[in-house]
Structures are given as structure tokens and as C-alpha cells.
Amino acid sequence: MEQVKNYIVTCDTLALLPFFNTYGECWTIVIEKYEKYLVKKKPKDLLAESCNYYGVSLNGIIEAAKKILPRQRMLPVCIPALDLCFFPTKSMEHLDCQWIAHSAIRHVVSKGKHSTIVLINHEKVVVEKHMSIIYNKMKSASHINDTYKRRINEGKEYHSFILYEKPSCYDCKRKS
């Protein structure tokens, strides 16, 4: 696995997993479709920097998610520019929180109180959550992602309407 100092989430990013080195420092194992990297940053910090790179803030995304999914905790983090939505397996304040892209999941296998998430590249991620909780997190991530897509499309349609609308006096002048 290649070790890198910096990393920005891309469309190929499937999961951000915590890794504790021999000194107890929390780094991130990044699983992509075809590569794996070890990044010398905490998963949350890596995600925050990636959000900033794409013009949004992690706190802003969390606040927006609260409006879409009120009263829910451990909210998914969507990066609309990439059409990606990651859900946390624990509170993001926990160093051992794993971040999984909802679109990267092939299927989930139940192992009692644990689950194994099989990613689209056949990598496996063991999560300390029951399968039903993972499915609920996937559903929430999908709902937020779909809401953003719908809003973006509505915004495009609205602006198209304004740009192509005839001026109100157009018909008056033609009749004269």
C-alpha cells in the first residue's frame, strides 16, 4: 500500500478507514476502486480538507444534512460536486469512525452484531454495527444524495426558464 502525505477524495474513493500506527497516531486507509493508500491524516480531517477543496465546508454540509434529515445523528456527508455521499459508522468525533461511500457498496453480510460490507471492488470492511443499521445509513445517504440532485436539477430548470422566457412586452409589440 502506497503511503502519501495528502489526499483529496475523488469519484473513485470508496471508503476512508482509520489506521492506528505503532505510535498510536490515527491515519487513514483510503480504498479506491483500483488502489489503496495510507494517508498520514485522520479520516475526518481528510474528509474536511476534501470538502474544502470542492468549495464546501464539512460543518456546512453537516448543517445542510440536518435540514434534510432532522433529528438524525451521525449524518452522511455529501460532496455534490462528486455526486458522492459518505456515511459514518460512528460519531465523527470518534477516531475509529469509518466512512463508507453509499454508492460503493455491493452488499452487506451479517455477522451477528457486526457486519461485513463488500465494496464494488470486492474489498471487505468489517463494521461494528448490525446489518439493519448499515442499511438505514445507506438509505439516509441515498435520500440526501437524491435530494441534492433534485435541487440542483430544479435550479438548472429554473434558470433555464428565466433565460429563455420572452419579455412580457414582446407580444404587445408584435400586435402593433
Side-chain angles (χ1 to χ4, degrees), residues 1-66 69 72-142 144-145:
M1 180 176 357
E2 184 181 349
Q3 187 173 320
V4 295
K5 190 174 184 179
N6 292 305
Y7 179 85
I8 297 295
V9 167
T10 69
C11 294
D12 288 338
T13 308
L14 307 179
L16 306 172
L17 310 175
F19 169 81
F20 295 92
N21 68 13
T22 54
Y23 302 105
E25 298 168 319
C26 183
W27 292 355
T28 303
I29 294 174
V30 176
I31 299 177
E32 285 189 345
K33 284 182 185 172
Y34 307 107
E35 301 286 336
K36 260 183 165 177
Y37 300 102
L38 182 60
V39 184
K40 295 181 178 183
K41 293 183 180 176
K42 298 172 191 165
K44 180 184 173 188
D45 294 346
L46 192 150
L47 193 58
E49 287 177 11
S50 294
C51 287
N52 289 338
Y53 179 82
Y54 291 108
V56 294
S57 73
L58 182 58
N59 289 338
I61 286 176
I62 296 295
E63 286 303 312
K66 285 179 183 177
L69 297 170
Q72 187 168 327
R73 300 176 320 151
M74 296 185 288
L75 293 161
V77 170
C78 288
I79 305 175
L82 296 177
D83 194 22
L84 266 183
C85 194
F86 290 88
F87 64 83
T89 59
K90 294 184 174 186
S91 166
M92 74 170 74
E93 301 309 318
H94 290 216
L95 289 178
D96 59 343
C97 175
Q98 300 161 302
W99 292 88
I100 312 293
H102 89 288
S103 60
I105 298 174
R106 180 177 293 274
H107 62 274
V108 182
V109 179
S110 179
K111 303 268 185 176
K113 292 184 180 181
H114 295 75
S115 299
T116 299
I117 297 174
V118 181
L119 302 174
I120 58 173
N121 65 353
H122 302 286
E123 288 276 343
K124 295 177 180 170
V125 178
V126 176
V127 179
E128 296 176 2
K129 298 285 181 197
H130 191 272
M131 188 169 69
S132 62
I133 293 173
I134 299 300
Y135 280 124
N136 283 339
K137 290 181 172 296
M138 289 169 61
K139 182 179 170 185
S140 295
S142 183
I144 285 183
N145 207 39

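None of the values given here were measured: they were computed from a predicted structure.
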Checklist entry - Are the side chain of Ser142 and the backbone of Met138 linked by a donor-acceptor contact shorter than 3.5 Å? => result no
Next on the checklist: Please find the pair of heavy atoms, one from Ile120 and one from Ser103, that lie closest to each other, and give the distance.
Outcome noted: CG2-O, 4.1 Å
Item to check | Working for side chain to side chain contact (heavy atoms under 4.5 Å, CB included), residues Ile100 and Ile134 | outcome: CA-CA 10 Å; Ile100 312 293; Ile134 299 300; over 6 Å; no
Item to check | Heavy-atom donor-acceptor pair, Lys137 side chain to Pro88 backbone, under 3.5 Å | outcome: yes
Checklist entry - How many angstroms lie between atom CG of Asp96 and atom OG of Ser91, to the nearest 0.5 angstrom? => result 10.0 Å
Next on the checklist: Are Val9 and Trp99 packed together at the side-chain level, in the sense that at least one heavy-atom pair is separated by less than 4.5 angstrom?
Outcome noted: no
Next on the checklist: Between Thr28 and Tyr7, do the side chains contain a donor N or O and an acceptor N or O under 3.5 Å apart?
Outcome noted: no
Checklist outcome for this item: CD of Gln3 to CZ of Phe19, rounded to nearest 0.5 Å, is 8.5 Å
Checklist outcome for this item: Residues passing the salt bridge (Lys or Arg N to Asp or Glu O under 4.0 Å) test with Lys33, sequence neighbours excluded, are Asp12
Next on the checklist: Are there over 12 heavy-atom neighbours, none belonging to Tyr53, within less than 6.0 Å of that residue's OH?
Outcome noted: no
Item to check | Interatomic distance, Asn136 atom CG to Phe87 atom CZ [nearest 0.5 angstrom] | outcome: 10.5 Å
Checklist entry - How about Tyr54 and Ile8: do any of their side-chain heavy atoms sit closer than 4.5 Å? => result yes
Item to check | Nearest atoms (heavy-atom pairs only) where Leu14 meets Ala104 | outcome: CD2-CB, 3.5 Å
Next on the checklist: Using 0.5 Å steps for rounding, measure from the OG atom of Ser115 to the NZ atom of Lys124.
Outcome noted: 13.5 Å
Next on the checklist: Please enumerate all residues that pass side-chain hydrogen bond (donor to acceptor under 3.5 Å, both in side chains) together with Lys111, with sequence neighbours excluded.
Outcome noted: none
Checklist entry - Do the non-hydrogen side-chain atoms of Leu47 and Met92 ever get within less than 4.5 Å of each other? => result no
Checklist entry - Heavy-atom distance under 4.5 Å between the side chains of Val108 and Val127, does that happen here? => result no
Item to check | Test item: Thr89 side-chain N/O and Gln98 main-chain N/O as donor-acceptor pair under 3.5 Å | outcome: yes
Next on the checklist: Within a 6.0 Å radius of atom NZ on Lys41, are there more than 12 heavy atoms belonging to other residues, nucleotides or ligands?
Outcome noted: yes
Checklist entry - Got Pro76 and His102 here, is their nearest side-chain heavy-atom distance under 4.5 Å? => result no
Checklist entry - Got a second to check how far Lys129's NZ is from Ile117's CD1, nearest 0.5 Å? => result 11.5 Å
Checklist entry - Heavy atoms, side chains only, cut-off 4.5 Å: are Ile79 and Cys51 in contact? => result yes
Checklist outcome for this item: Asn59 meets the side-chain contact (heavy atoms from CB on, under 4.5 Å) criterion, sequence neighbours left out, with Ser57
Checklist entry - Given side chains that start at C-beta, do those of Pro18 and Leu95 come closer than 4.5 Å, heavy atoms only? => result no
Checklist entry - At their closest point, which heavy atom of Thr10 faces which heavy atom of Leu84, and how far apart are they? => result O-CD1, 3.1 Å
Checklist entry - Which heavy atom of Glu123 sits nearest a heavy atom of Asn121, and at what distance? => result N-OD1, 3.0 Å
Checklist entry - Do the side chains of Asn21 and Leu38 get nearer than 4.5 Å, heavy atoms only? => result no
Checklist outcome for this item: Taking every heavy atom of Cys26 against every heavy atom of Phe20, the minimum-distance pair comes out as CB-CE2, 3.6 Å
Checklist entry - Is any side-chain N of the basic residue among Glu128 and Lys90 closer than 4.0 Å to the acidic one's carboxylate O? => result yes
Next on the checklist: Please give me the minimum heavy-atom distance between Leu58 and Ala48, naming the atom from each residue.
Outcome noted: CD2-CB, 3.9 Å
Checklist entry - Which distance, rounded to the nearest 0.5 Å, do you find between the CE of Met131 and the CD1 of Ile133? => result 11.5 Å
